[in-house]
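Read through the structure below, which is laid out as structure tokens, and then see the notes.
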Amino acid sequence: MYDLPPQFNTGVLQRCNNSMVNWLNFCPHIAHNGFGRSLRARDWYATDVYMLDVIYHTRMKTYSCRTLNSSLADAFFIPYYSGLDALRYIYGADLPMKHEQGLELLHWLQKNAQETWRRWGGKDHFIVMGRTAWDFSNPSDNKQGWGTSFLEMQAMANVTSLVLEKRIWRSNEQAVPYPTSFHPSSSLHLQEWIDKVESSERKFLFAFTGAPRPQMKSSIRGILFSQCDASSACTIINCSKIKCAHNPEPIIESVLQSKFCLQPSGDTATRRSTFDSIMAGCIPVFFQNDSAYTQYTWHLPSDPDEYSVFIPEDEIRNGTLLEDVFKSYSDEKIKQLQLNVRKLIQRILYTGMSGSDADVVEDAFNLSVKGILNRVATLKQQSSG
């Protein structure tokens, strides 16, 4: 892991109090190494999804397979808080310079890490970007488009980027799970939660957490809301009426009581709710392949039927009734899906464990690093062959 100047990581956190964006104070979210403010229940936090940069950096500092000898390293981690630093380019005073995000970092690498940076042309380097790839993929000649151009820079072409949502045609991007609010501090606490999930009474057939998004004409959310509202078998958490961000209690209570959880797209194809539902043992229901299947290939099974339900959006628009679909599943099939979902819980969580537990439990962080090492080994083999 590179020892970058503070301006690229911890220095970004020092600007959390409205100095990057005058209407945004993210200081509360950086507490507890990016987990955020502690909640009443043990190991639960008001975690902000955009703290991914901080969470990975913290874990990497104590990662047992990390070496301080660059000649022994199989891969190199660049601990740049790109997702947080992007705020000043997307919303703040540096908006006119949005195509310049990352230039200073790349200049530093080319000057101070010439040997390691050039050894494999960046193929053995990776970075965590706590936002979707769309926030960093604005072509440099597009002055009006959304986002910065960091991922479009030539120097980033071989670097593997871990993002919340990837562009599926870009092989050097890999989606990793959104952070949830539960970060078990021991394997015992993790197992206690899984036991609670298994024993939870599922009195609702299906659930939906989200906002209707009536301004998005192509969205099926309005139809889902209508069907859920009309069914006594469905429970709704309407995020246009209650604050869902940083307020996990009502959401988790709802999905713990439900068998199936609806996961339509929002501003982009993916959403944090997918991982909230898996964490609570609720079978995710997808309407687009890019909401999970093409994204989280290091963390979720290759066979979607093992743990989820897929209903194409057009079927919803053409009148398919969700309740009828879910009632067609036998109790035996539902139990098998629920069992498979519970097996995924530790794979999608970012634990707060330390010591041997942190190494033994294959959580989202460990699986991400494992995926990186496998990918780097493959790229090196291809380059050598």
Side-chain angles (χ1 to χ4, degrees), residues 1-4 6-21 24-63 66 77-88 90 105 126-132 135-136 161-165 174-186 189-190 244-248 252 270-272 275-276 279 296 299 346-355 357-359 361 363-369 372:
M1 178 171 72
Y2 286 113
D3 184 16
L4 298 179
Q7 71 187 79
F8 297 118
N9 41 56
T10 56
V12 176
L13 302 184
Q14 294 174 4
R15 304 176 64 189
C16 63
N17 189 10
N18 305 111
S19 64
M20 294 183 72
V21 182
L24 177 63
N25 178 0
F26 63 88
C27 295
H29 306 320
I30 66 179
H32 299 101
N33 295 315
F35 289 167
R37 172 176 52 87
S38 296
L39 301 177
R40 289 174 295 176
R42 181 188 64 194
D43 294 340
W44 286 82
Y45 301 83
T47 303
D48 186 272
V49 296
Y50 298 122
M51 291 299 115
L52 201 70
D53 305 342
V54 182
I55 292 172
Y56 271 79
H57 190 198
T58 299
R59 284 288 297 275
M60 194 63 73
K61 290 176 183 177
T62 59
Y63 184 53
R66 177 189 167 203
F77 175 49
I78 307 170
Y80 168 44
Y81 293 175
S82 54
L84 294 174
D85 197 33
L87 290 170
R88 62 189 174 105
I90 296 177
L105 170 73
F126 69 104
I127 188 171
V128 174
M129 311 180 79
R131 306 183 70 89
T132 71
D135 293 332
F136 307 98
S161 302
L162 301 183
V163 290
L164 293 176
E165 178 177 326
Q174 177 63 38
V176 296
Y178 284 73
T180 67
S181 293
F182 180 50
H183 307 281
S185 56
S186 71
H189 294 175
L190 172 60
C244 291
H246 318 128
N247 181 30
I252 300 305
T270 64
R271 59 200 304 251
R272 170 179 174 160
F275 301 99
D276 286 336
M279 175 183 63
Y296 308 103
H299 297 80
Q346 76 170 36
R347 298 175 63 88
I348 57 91
L349 293 178
Y350 294 98
T351 71
M353 299 178 191
S354 58
D357 276 355
D359 295 331
V361 175
D363 72 339
F365 171 84
N366 283 329
L367 288 173
S368 297
V369 176
I372 284 290

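The figures here come from the full heavy-atom set of this structure, side chains too, leaving out hydrogens, waters and symmetry mates. Residue numbers run from 1 in the order of the sequence given.
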### Task
Report the residues that fulfil ring pair (Phe, Tyr, Trp, His ring centres under 6.0 Å) with Phe77, sequence neighbours left out, ordered by chain and then residue number.
Phe126
### Message
So, taking the atom named CG in Leu52 and the one named OG1 in Thr47, what distance separates them when rounded to the nearest 0.5 Å?
### Response
11.0 Å
### Query
Which atom pair, heavy atoms only, marks the closest approach of Ser82 to Ile127?
OG-CD1, 4.5 Å
Identify all side-chain donor-acceptor contacts of residues 26-37 below 3.5 Å with residues at least two apart in sequence or on another chain.
unit_1, atom_1, unit_2, atom_2, d
His32, ND1, Gly36, O, 2.8
His32, NE2, Ser38, OG, 3.3

### Query
What distance do Leu39 atom CG and Trp44 atom CH2 have between them, rounded to the nearest 0.5 Å?
8.5 Å
### Task
Locate the shortest heavy-atom distance separating Leu162 from Ser368; write the atom from each residue and the value.
CD1-CB, 4.2 Å
### Query
side-chain contact (heavy atoms from CB on, under 4.5 Å) with Ser186: which residues, sequence neighbours excluded?
Leu188, His189, Asp357
### Message
Would you compute the distance between atom CE of Met1 and atom NZ of Lys61 and round it to the nearest 0.5 angstrom?
### Response
6.5 Å
#### Entry: More than 12 heavy atoms from other groups under 6.0 Å of CG on Asn17
yes
### Query
Given side chains that start at C-beta, do those of Phe275 and Arg272 come closer than 4.5 Å, heavy atoms only?
no
### Task
Show your working on side-chain contact (heavy atoms from CB on, under 4.5 Å) between Met129 and Leu164 and close with a plain yes or no.
CA-CA 8 Å; Met129 311 180 79; Leu164 293 176; over 6 Å; no
### Task
Quick one: closest heavy-atom pair of Phe182 and Arg42, and the distance?
CE1-O, 4.3 Å
### Message
Quick one, Arg131 and Leu87 - any side-chain contact, counting heavy atoms below 4.5 Å?
### Response
yes
## Note on the structure
One should read off an interatomic distance between Thr58 OG1 and Met51 CE, to the nearest 0.5 angstrom, of 11.0 Å
### Task
State which residues pass side chain to side chain donor-acceptor pair (under 3.5 Å) with Asp359; sequence neighbours excluded, sorted by chain then number.
Ser64
### Task
Go through Leu84 and Arg15 one step at a time and tell me if the side-chain contact (heavy atoms from CB on, under 4.5 Å) criterion holds.
CA-CA 10 Å; Leu84 294 174; Arg15 304 176 64 189; over 6 Å; no
## Note on the structure
Residues passing the side chain to side chain donor-acceptor pair (under 3.5 Å) test with Tyr80, sequence neighbours excluded, are Asp85, Gln101
#### Entry: Partners meeting salt bridge (Lys or Arg N to Asp or Glu O under 4.0 Å) with Asp363 (sequence neighbours left out)
Arg59
### Query
Which residues satisfy the side-chain contact (heavy atoms from CB on, under 4.5 Å) test with Arg271, sequence neighbours excluded?
Phe208, Arg221, Gln263, Pro264, Ser273, Thr274
### Message
The criterion is ring pair (Phe, Tyr, Trp, His ring centres under 6.0 Å); which residues satisfy it with Tyr350, sequence neighbours excluded?
### Response
Tyr56
### Query
Do you know the tightest heavy-atom contact between Val49 and Pro179?
O-CD, 3.6 Å
### Query
Considering residues at least two apart in sequence or located in another chain, which fulfil the side chain to side chain donor-acceptor pair (under 3.5 Å) criterion with Thr270?
Glu165, Tyr178
### Task
Quick one: do Val128 and Met60 satisfy side-chain contact (heavy atoms from CB on, under 4.5 Å)? Show the steps, please.
CA-CA 11 Å; Val128 174; Met60 194 63 73; over 6 Å; no
### Approximate separation, where rounding is to 0.5 Å, of Gln174 CD and Ser161 OG
11.0 Å
### Task
Go through the steps to decide whether Met279 and Ile252 satisfy the test side-chain contact (heavy atoms from CB on, under 4.5 Å), and finish with yes or no.
CA-CA 9 Å; Met279 175 183 63; Ile252 300 305; 3.3 Å; yes
### Message
For Gln14, give me all partners under side-chain contact (heavy atoms from CB on, under 4.5 Å), at least two apart in sequence or on another chain.
### Response
none
### Message
Closer than 3.5 angstrom, by distance alone: can the side chain of Ser181 be matched with the main-chain N or O of Tyr45 as a donor-acceptor pair?
### Response
yes
### Query
Any side-chain heavy-atom pair from Val12 and Phe8 closer than 4.5 angstrom?
no
### Query
Which atom names give the shortest non-hydrogen contact between Tyr50 and Gly130, and what distance separates them?
CD2-O, 3.0 Å
### Task
Quick one: list whatever passes side chain to side chain donor-acceptor pair (under 3.5 Å) with Thr180, sequence neighbours left out.
none
### Task
With sequence neighbours left out, write down each residue that passes side-chain contact (heavy atoms from CB on, under 4.5 Å) with Tyr2, or none if nothing qualifies.
Leu4, Phe76, Ile78, Pro79, Trp108, Leu109, Ala113, Thr116, His125
### Query
Closest approach of Ala175 and His299, non-hydrogen atoms and distance?
O-ND1, 4.4 Å
